[in-house]
Amino acid sequence: MLFNNHGYVGQSRSVRSQEAIEEHEVPLNQITRDLINEVIEELVDEETIDKEQENWLKAIPVYVWKNQSPTSWHHTGKYYHETYHYDLPLYAEEFIDDPEIVDESVKEHKRELSERRQALLNESTEPEYEVYYYSKDIWGGTRRHPKIVDIEHGYGVAKKESSRLYPVSVSDEDWPNNSYYSIGGNYITVKQYSGYLELVAKHPEFKGTKRKLNKVLKALGVTL
């Protein structure tokens with residue numbers, strides 16, 4: 001495999017990201033049942049775990065593995081986006097050392113499902129706002145030679161019948177580049193979700209941002 005002079009594997013990811021993936025420290029979207037089982041079977045081959053532990057680990061739901069804290073981040077993509085990586089062999093060892101980690105994760109998942117179902121039942125009236133995940137090209141360079149220097153990934157809210165999208169939280173950054181964006185504007189893509197719970201189910205990196213969401217809605221004068 002050839003690496004370019006900038007420490008990148010083509011335009012897809014950094015050398016360090018590729019090295020981490022080869023050690024089964026992978027981005028969230030690469031955590032699958034097949035990969036988890038592959039990691040577990042390697043631990044068996046290395047005699048790190050026994051048959052009983054193998055069967056127990058393989059029975060742990062995929063969402064538990066995905067719900068663990070990231071262990072590192074590496075640059076990926078054309079614009080050097082900071083992508084979290086998750087160390088599957090490390091999680092396997094931690095689960096065996098402390099099975100309560102698995103139990104708590106399963107309980108939390110069930111609570112979230114229950115809250116999501118309850119929220120759907122309680123939606124007797126439509127909310128006054130809409131929730132969107134967005135990707136926005138960030139421009140830099142000079143006036144004569146502008147260029148895209150980054151891509152901002154985040155989620156935000158818009159009032160009903162409004163095209164203004166107000167960012168709530170931005171991946172890997174403290175603040176968005178602008179106070180609001182136009183949903184139909186250039187160089188932005190959006191995906192609408194039914195609410196906060198559906199958003200975090202698809203984008204777990206935004207878990208724990210409900211207070212930020214409420215603060216933005218309050219500033220917009222939206223009834224919660």
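Values reported hereafter were calculated over all heavy atoms of this structure, with side chains retained and with hydrogens, waters and symmetry mates removed.
- Side-chain contact annotation: Thr83 with Thr76, donor-acceptor N/O pair under 3.5 Å present.
- Looking at heavy atoms from C-beta onward, Lys51 lies in side-chain contact with Asn55 at the 4.5 angstrom threshold.
- Formation of a donor-acceptor pair under 3.5 Å by the Glu93 side chain with backbone atoms of Leu90 is not found in this model.
- When every heavy atom of Thr209 is checked against every heavy atom of Ser169, the shortest pair comes out as CG2-OG, 3.8 Å.
- For Glu41, the CD atom is densely surrounded, since the number of other residues' heavy atoms within 6.0 Å is greater than 12.
- Side-chain polar atoms of His153 and Ser135 form a donor-acceptor pair below 3.5 angstrom.
- At a threshold of 4.5 Å between side-chain heavy atoms, the hydrophobic network of Ile, Leu, Val, Met, Phe, Trp and Tyr places Leu113 and Ile60 in two separate groups.
- Here the rule is ring-ring contact (aromatic ring centres under 6.0 Å, His included) with His203, and of Tyr84, Tyr133, Tyr155, Tyr132 only Tyr133 fits it.
- Between Tyr86 and Gln30, the side chains place no donor N or O within less than 3.5 Å of an acceptor N or O (distance only, hydrogens not considered).
- For the atom pair His74 NE2 and Arg13 CZ, the distance stands at 10.0 Å (nearest 0.5 Å).
- To the nearest 0.5 Å, atom CG of residue Asp150 and atom CD of residue Glu82 are 8.5 Å apart.
- For Gly141 against Val149, the heavy-atom pair with the smallest separation is N-CG1, 4.3 Å.
- Across every non-hydrogen atom of Tyr134 and Pro167, the tightest pair is OH-CB, 3.5 Å.
- Residue Arg116 places its CZ atom among more than 12 non-hydrogen atoms of other residues, nucleotides or ligands, all under 6.0 Å distant.
- Here Leu35 contributes atom CG and Arg33 contributes atom CZ; the two are 10.5 Å apart, rounded to the nearest 0.5 Å.
- Between Glu198 and Tyr196 there is no side-chain heavy-atom pair separated by less than 4.5 Å.
- Screening Glu104, Glu112, Lys207, His109 for a side-chain hydrogen bond (donor to acceptor under 3.5 Å, both in side chains) involving Asn67 leaves a single residue, Lys207.
- Screening Val216, Leu217, Val157 for a side-chain contact (heavy atoms from CB on, under 4.5 Å) involving Val222 leaves a single residue, Leu217.
- Separation of atoms CD (Gln68) and CD1 (Ile101) is listed at 6.5 Å; rounding is to 0.5 Å.
- Closest non-hydrogen pair, Ala92 versus Leu57, comes out as O-CD2, 3.9 Å.
- The minimum heavy-atom distance linking Pro204 with Leu28 is given by the pair CG-CD2, 3.4 Å.
- Interatomic distance, CG of Leu165 versus CD of Glu130, reported as 10.0 Å (0.5 Å rounding).
- Enclosure of atom OH in Tyr180 is not indicated, since only 12 or fewer non-hydrogen atoms of other residues, nucleotides or ligands lie within 6.0 angstrom.
- Tyr166 meets the side chain to side chain donor-acceptor pair (under 3.5 Å) test with no other residue; sequence neighbours excluded.
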(message) Let's go through Asn214 and Lys218 carefully: what are the C-alpha distance in whole Å and the side-chain angles of both, what is the deciding distance for side-chain contact (heavy atoms from CB on, under 4.5 Å) to 0.1 Å, and is it a yes or a no?
(response) CA-CA 6 Å; Asn214 291 341; Lys218 185 176 180 180; over 6 Å; no
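- Between Glu54 and Lys58 there is a salt bridge, since at least one side-chain N of the basic residue sits less than 4.0 Å from a carboxylate O of the acidic one.
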(request) Please lay out, stage by stage, how Lys191 and Lys202 fare under the test side-chain contact (heavy atoms from CB on, under 4.5 Å). (result) CA-CA 11 Å; Lys191 177 175 175 57; Lys202 297 292 185 181; 5.9 Å; no
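- With ring centers used as reference points, Phe95 lies 6.0 Å or more from Trp56.
- Summarising the local packing, CD of Glu46 is surrounded by more than 12 heavy atoms from other residues, nucleotides or ligands at distances under 6.0 Å.
- The shortest heavy-atom contact between Ser171 and Phe206 is OG-CZ, 3.4 Å.
- Ion pair Glu128/Lys159 not flagged as a salt bridge, since none of the NZ, NE, NH1 or NH2 atoms sits closer than 4.0 Å to an Asp/Glu carboxylate oxygen.
- Atom CD of residue Glu152 and atom CD1 of residue Ile138 lie 4.5 Å apart, to the nearest 0.5 angstrom.
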